[in-house]
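Order of the sequence lines fixes the chain letters, A, B, ..., with proteins taken first and strands second; residue numbering starts at 1 for each chain. Worth knowing before you read on, the calculation uses all heavy atoms, side chains too, and leaves out hydrogens, waters and symmetry mates. Not measured: the values here are computed from a predicted model.
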There are 2 protein chains.
Amino acid sequence: MLPAEKSEILKNSLIFSSLNEDELSGLAGLAIERSFQADEFIFWEGDEPDYFYVIAEGRIKVVKHSSSGKEFIIAFFESGEMFGEVAVFEGKPYPASAQAISATNVLGIRRRHFLDFLATHPQMAMRIINILGGRLRDAQGRLKDLAGERAQQRLARILLMLASRMGHTIPFTRQELADMAGMTTETTIRLTSQLKERGIISSVRGQLIIVDEAKLRALAEGPPTV
Amino acid sequence: MLPAEKSEILKNSLIFSSLNEDELSGLAGLAIERSFQADEFIFWEGDEPDYFYVIAEGRIKVVKHSSSGKEFIIAFFESGEMFGEVAVFEGKPYPASAQAISATNVLGIRRRHFLDFLATHPQMAMRIINILGGRLRDAQGRLKDLAGERAQQRLARILLMLASRMGHTIPFTRQELADMAGMTTETTIRLTSQLKERGIISSVRGQLIIVDEAKLRALAEGPPTV
DNA sequence: CGCCTATTTGAAAACCGTCAAAGTATGTGG
DNA sequence: CCACATACTTTGACGGTTTTCAAATAGGCG
C-alpha cells in the first residue's frame, strides 16, 4: 500500500480527520497495514498491547468471554473508528479480544509511536478524551440496563443504538444481538418474533429491519404502560 | 477556606498531584468549595454539567436508576478522586447522579475553566486519558460479569475490587453491595451468609471483613470446581 | 442438490426476584 | 439509663423470567 493511501485512510478516520497533510503523512509512515478474513482475531484478551488500530475497511467486534465460555460483545466498530486504544494508553494487556466480523483491513500504529505523537499533539489528546468519555458514558448506560432492565427492554435499546449508528437495516444475526444484549440466542429469537408479530420489525436471515422506530422506542423506555 | 488549603487538597488529588505550586494555586483560585451531608445529592442525572469535582474529604457514589426505580451504583469515589468529568468533557448532561455516602467536602471547578486549563497542560490531558482508560476497562469488565456470570461470582468480584481499593474491611451495607453487583438485597444477604458459613468473610452491621481472600478469589474465578 | 448455519419452537428447570414477616443493632430523646 | 424509632439483617415461601436442552425447519452457497 502506498503511503498516500494510508494518509487517506487516516484522514477519513474519526480521530485523525483534523490533522494537516504533514501530520497525516508522518503518522502514515508509522502505520502498518494488516488484513483479516471474517472471524479472524486481530488480537486476543491478554495479549501485549503493541498496537492500536484504525479500521480502513470492514467491521470488527470487541468481545470478552465469561467463565462458562459465553461470549459477550462489548462493542463493534466500522471503518474510520479506532480500537485497542485503552490497552495502549495504560500499557496493560488488552482487556478484550478483537475479531473481524467481515473481511477487514486495518492500520496499526505502534504503542510507542502513538504515545509520542499524542504527547506532541494536544488537540489530539482532547479528541481522545472526548471519545473515551463517550465510550464510558455508553458503557455505564449498558451497565444499568444489564443490572436493572428486562430482556425485552435491553434488546430494544440495543436495536435503537445500532439503528442510530447504522440506519434501520441492522446487519447482525440473532446470535450476535444476543451476545450484545447479554442474553441467549433463544431468548432473542422469542423476543424478536414478538416484535415481528407486532409489526415493529421485519427480518431476513442475518439482518433485521426496524419498521416502527417509535413503538420500539416506547418499548425501550419501560414496560408497556398498564 | 483559604486558597492555600484548596491548593493542598488539589495537590493531594490523584489527577493534580504532579502540578507545581503556581499551577496549583491558579487552579485553586478557580475552585469553589461545597459540603454535603450523608445522602445529599451533589448533582442529578440530566443536570447541566457546570462543574467537575474533586473530593477533599468523604465518600460519594455515582448512581443510575432503572426504569422500575431500582438503583444501580456505577462507581464510588473517595478523597483525592474526581467525578463528574465525563459530562464536563462532552458538554452533555451528567449521565448519572452523584450522592454523598458520608459527610463530604468537594472542590468544584467550572467546566469552562477546566477545559481551558486542560488545553494548556498537555501532560494533564494524558493523565486524564489514563484515568478514563482505567475506568473504561473497569466498566467493560463489569459488563461482562453482569451479562455472563452468576450472582455468586459477581458478588465475589465486587468484594475483591473493593478490597483492592480499601483493604479487607469493606464499609458497605448489604444493600449497597447489592446495588453495586446488580442484584437484590435479599440475594446479597443469602450469598454473604453462605460466605460467612464457609469462613470466607465475617461481618458486623454496615461492614464486612474478608477473612480468606484466596477462597474468595477462587469463587470469583468460576463455579466451585465439581 | 447437499451441507452448513441461522431460525424456530417446545418443555422443563434453575436462578433469582418478590413479598412478607421477624429479629437485631444503633442511636436518640426523655 | 431505658424505651423507642430506625435502619440493617435474616429467613421462608412462592413465582416469574430466562436459561437450558432437544429437535425440527429453512435459507444460502458451493
Side-chain angles (χ1 to χ4, degrees), chain A residues 37-39 66-73 101-103 145-156 158 170-197 201-209 219 222-224 226, chain B residues 37-39 66-73 99 101-103 145-156 158-159 170-197 201-209 219 222-224 226:
Chain A
Q37 301 180 340
D39 294 338
S66 72
S67 59
S68 62
K70 218 173 113 181
E71 181 168 313
F72 179 72
I73 300 183
I101 296 178
S102 57
D145 287 348
L146 279 169
E149 310 291 357
R150 297 265 104 110
Q152 177 75 266
Q153 287 166 58
R154 295 210 305 274
L155 180 62
I158 292 288
I170 295 175
F172 290 103
T173 65
R174 301 291 193 271
Q175 167 145 210
E176 287 168 322
L177 293 174
D179 291 343
M180 294 184 212
M183 59 187 77
T184 60
T185 308
E186 292 92 332
T187 298
T188 305
I189 287 173
R190 285 184 241 267
L191 293 174
T192 51
S193 295
Q194 291 173 26
L195 294 178
K196 223 191 284 189
E197 280 167 24
I201 64 168
S202 69
S203 74
V204 296
R205 187 190 178 88
Q207 71 185 39
L208 178 155
I209 299 100
L219 259 187
V226 181
Chain B
Q37 302 180 340
D39 294 338
S66 72
S67 58
S68 62
K70 220 173 110 179
E71 180 168 313
F72 179 72
I73 300 183
Q99 186 178 17
I101 296 179
S102 57
D145 288 348
L146 278 169
E149 309 293 355
R150 303 270 115 159
Q152 178 74 269
Q153 288 165 57
R154 294 210 306 274
L155 180 62
I158 291 288
L159 292 177
I170 295 174
F172 289 103
T173 65
R174 301 290 192 273
Q175 167 146 210
E176 287 167 324
L177 293 174
D179 291 343
M180 293 184 211
M183 58 186 76
T184 61
T185 308
E186 291 92 331
T187 297
T188 306
I189 287 174
R190 284 184 241 267
L191 293 174
T192 51
S193 296
Q194 291 174 26
L195 294 178
K196 223 192 283 191
E197 280 166 24
I201 63 168
S202 69
S203 74
V204 296
R205 186 190 178 88
Q207 72 183 40
L208 179 154
I209 300 101
L219 258 188
V226 181

Quiz item: Do the side chain of A/Gln194 and the main chain of A/Leu191 share a donor and acceptor less than 3.5 angstrom apart?
Solution: no
Quiz item: Rounded to the nearest Å, what distance is computed from the CG atom of residue A/Leu155 to the C1' atom of nucleotide D/dT17?
Solution: 15 Å
Self-check item: B/Leu177 CG to D/dC8 C1', straight-line distance once rounded to whole Å
Solution: 12 Å
Exercise. Tell me, please, the opening and closing nucleotides of DNA chain C, 5' to 3', among those with an atom under 4.0 angstrom from a non-hydrogen atom of chain B.
Key: C/dC15 to C/dT26
Quiz item: Taking for each residue the nucleotide of DNA chain D bearing the nearest heavy atom, is the 5' side occupied by A/Thr184 or by B/Thr185?
Solution: B/Thr185
Quiz item: Are any of the side-chain heavy atoms of A/Gln153 and A/Asp145 separated by less than 4.5 Å?
Solution: no
Quiz item: Looking across every strand, which nucleic acid part, if any, lies under 4.0 Å from A/Arg190 by heavy atom: base, sugar-phosphate, or nothing?
Solution: base
Quiz item: Within the distance-only criterion (no hydrogens, no angle test), does the side chain of B/Arg174 pair as donor or acceptor with the backbone N or O of B/Ile189 below 3.5 angstrom?
Solution: no
Exercise. Let me know the distance between CD1 of A/Ile189 and C1' of D/dT20, rounded to the nearest Å.
Key: 14 Å
Exercise. Map A/Lys196 and B/Glu149 onto DNA chain C by nearest heavy atom, then report which one ends up closer to the 5' terminus.
Key: A/Lys196
Self-check item: Side chain B/Glu176 and base D/dC8 donor-acceptor under 3.5 Å
Solution: no
Quiz item: Is A/Arg205 touching bases, backbone alone, or none of the nucleic acid, heavy atoms closer than 4.0 Å?
Solution: base
Exercise. Round to a whole Å and report the spacing from CG of B/Leu146 to P of D/dT19.
Key: 13 Å
Practice problem: Without swapping roles, check the side chain of A/Glu176 against the backbone of A/Thr173 for a donor-acceptor pair under 3.5 Å. | Solution: yes
Quiz item: Are any of A/Thr187's side-chain N or O atoms less than 4.0 Å away from OP1 or OP2 of D/dT19?
Solution: yes
Exercise. Send over the distance from A/Gln207 CD to D/dG27 P, rounded to a whole Å.
Key: 15 Å
Self-check item: Residue whose nearest DNA chain D nucleotide is more 5′ - A/Gly182 or B/Glu186
Solution: B/Glu186
Self-check item: A/Gln152 CD to D/dG16 C1', straight-line distance once rounded to whole Å
Solution: 15 Å
Quiz item: Does a side-chain heavy-atom distance below 4.5 Å link A/Leu155 with A/Thr187?
Solution: no
Quiz item: Within a strict 4.5 Å, meaning less than it, do heavy atoms of the B/Leu195 and B/Leu219 side chains meet?
Solution: yes
Quiz item: How long is the line joining CE of B/Met183 and P of D/dG16, in whole Å?
Solution: 23 Å
Practice problem: Could you check how far CG of A/Asp179 sits from P of D/dT18, rounded to whole Å? | Solution: 17 Å
Quiz item: Which is true for B/Thr173 with a 4.0 Å heavy-atom rule: it touches a base, it touches only sugar-phosphate, or it touches nothing?
Solution: sugar-phosphate
Self-check item: Expected output: side-chain B/Glu149 to main-chain A/Ser66 donor-acceptor under 3.5 Å
Solution: no
